[in-house]
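Index from 1, following the sequence. The analysis underlying the following values was restricted to heavy atoms, covering all of them including side chains, and did not include hydrogens, waters or symmetry mates. Remember, it's a predicted structure, so these values are computed and weren't measured experimentally.
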Amino acid sequence: MQREGSPFTGLSTVALKEAADHLTSARMHLVVLLVLLTAVGAIYGAIGEIKNTVSEDPFLFLRLFTTAREPLPSFVSFLGFLLPLVAIALAFDAINGEYGRRTMSRILAQPIYRDALLTGKFLGGMLVLAIVLLTLWLLMTGLGILLLGLPPSGEEVLRGVAYLLCSLAYGGVWLAVALLFSTLFRSSATSALAALSLWLLFAVFWSMLTPLVAGALAPIDPLDPMTAVHHAEITQIVSRISPNTLYGEMTLALLDPATRSLGIVFLSQLQGALMGAPLPFGQSALLIWPQLAGLVAAMVLVFTIAYVTFQRQEIRA
């Protein structure tokens, strides 16, 4: 049977309806409240620590994101830990929830194709993530101006916006992962556990597994110094399979302008470099471009797998 009309007819309707459902659900209210409370705690801790610092810093406003005060970690550490949980909460039952409520056949009986349904659910989740991240960023900026009495410079605003976009790409990867598991498993509990297990693997255990994998792929020969270099390169490649590692490197380069490299640096490459001098925003953006491209590629790849899987599923009334 030949399709009539565009396969994305109703895409905006599905996306806006999905975003509205998320924004009015009690589940999202609780998750976002948790994120806001932890963010405010991290901000107040950072402001207290910054006020105790007497040294001059041209990027004082950026330190709001990276400064930690015991026992609270920094804002970027909180966000890197909690953002995947928000994304998983948005999409772990996006598809199998429709099966469980027996509404999938009713939705597809309307002039809406599967393409628009799955893409709309993903875009609706991305819209909610964008709203949450923008709210946090504005909260950070407002509290920083109010409590520090110091407005951010143009360079700091650019770096903050770039960090916001990188966080959205990072959250998009986990949103696509949750959507994939929601497509693969008919049980919402199973899809949620699968997504959380993968998140725990990359957030907690990947740093422990990386040296073991690198040691097996590139063992170090004490008689050959170059094997140590090859081992370090393999370790870095394996660690970058994790979205958490890519996000951490982007955060470091954007919020610490003194960062000049994210890879292995030899002494010969440091000749003539001004150590400690901050990089302009354009150079930092070039530095994180491979990591950002990797996150976007991972998001597209995972969503494509979910898309193909959903297209092949049988829909029964």
Within the structure provided, determine whether [X] and [Y] are in side-chain contact (heavy-atom separation under 4.5 Å).
{"X": "Leu179", "Y": "Leu175", "value": "no"}
{"X": "Val238", "Y": "Ile234", "value": "yes"}
{"X": "Trp206", "Y": "Asn244", "value": "no"}
{"X": "Leu62", "Y": "Tyr163", "value": "no"}
{"X": "Trp137", "Y": "Phe65", "value": "yes"}
{"X": "Leu83", "Y": "Leu129", "value": "yes"}

Can you check whether [Y]'s main-chain N or O pairs, donor with acceptor, with [X]'s side chain at less than 3.5 Å?
{"X": "Gln283", "Y": "Pro280", "answer": "no"}
{"X": "Ser191", "Y": "Phe185", "answer": "no"}
{"X": "Thr119", "Y": "Ala116", "answer": "no"}

Same cluster or not: are [X] and [Y] linked, directly or through other Ile, Leu, Val, Met, Phe, Trp or Tyr residues, by side-chain heavy atoms under 4.5 angstrom apart?
{"X": "Val296", "Y": "Ile305", "result": "yes"}
{"X": "Ile88", "Y": "Leu30", "result": "no"}
{"X": "Met140", "Y": "Leu33", "result": "no"}
{"X": "Val302", "Y": "Ile241", "result": "yes"}
{"X": "Ile145", "Y": "Leu139", "result": "yes"}

Identify the heavy atoms of [X] and [Y] that sit nearest to each other, and give their distance.
{"X": "Ser284", "Y": "Arg159", "value": "OG-NH2, 3.0 Å"}
{"X": "Phe281", "Y": "Ala162", "value": "CE1-CB, 3.8 Å"}
{"X": "Ser182", "Y": "Ala94", "value": "OG-N, 3.2 Å"}
{"X": "Ala306", "Y": "Thr183", "value": "O-CG2, 3.8 Å"}
{"X": "Gln311", "Y": "Arg114", "value": "O-NH1, 3.2 Å"}
{"X": "Pro84", "Y": "Gly80", "value": "CD-O, 3.4 Å"}

Worked check of side chain to side chain contact (heavy atoms under 4.5 Å, CB included) between Thr259 and Leu279: CA-CA 7 Å; Thr259 302; Leu279 287 180; over 6 Å; no
Test log, rule ring-ring contact (aromatic ring centres under 6.0 Å, His included), inputs Trp199 and Phe81: CA-CA 9 Å; Trp199 167 71; Phe81 184 81; 5.1 Å; yes
Rounded distance [0.5 Å steps], [atom1] in [X] versus [atom2] in [Y]:
{"X": "Ile95", "Y": "Leu118", "atom1": "CD1", "atom2": "CG", "value": "5.0 Å"}
{"X": "Ser188", "Y": "Asn96", "atom1": "OG", "atom2": "CG", "value": "3.5 Å"}
{"X": "Leu295", "Y": "Cys166", "atom1": "CG", "atom2": "SG", "value": "8.0 Å"}
{"X": "Leu201", "Y": "Leu196", "atom1": "CG", "atom2": "CG", "value": "12.5 Å"}
{"X": "Leu82", "Y": "Thr38", "atom1": "CG", "atom2": "OG1", "value": "5.0 Å"}
{"X": "Leu23", "Y": "Ile131", "atom1": "CG", "atom2": "CD1", "value": "5.0 Å"}

Parallel, tilted or perpendicular: ring planes of Phe303 versus Tyr307, cut at 30 and 60 degrees: tilted
Residue pair Tyr247 / Ser242, side-chain donor-acceptor N/O under 3.5 Å: no
Residue pair Leu79, Leu133: steps toward the side chain to side chain contact (heavy atoms under 4.5 Å, CB included) verdict: CA-CA 9 Å; Leu79 194 62; Leu133 289 172; 4.1 Å; yes
Trp174 vs Val86, side chain to side chain contact (heavy atoms under 4.5 Å, CB included): CA-CA, chis, key distance, verdict: CA-CA 9 Å; Trp174 291 106; Val86 177; over 6 Å; no
Candidate pair Phe181 and Leu198, rule side chain to side chain contact (heavy atoms under 4.5 Å, CB included), full reasoning: CA-CA 11 Å; Phe181 286 132; Leu198 187 62; 4.2 Å; yes
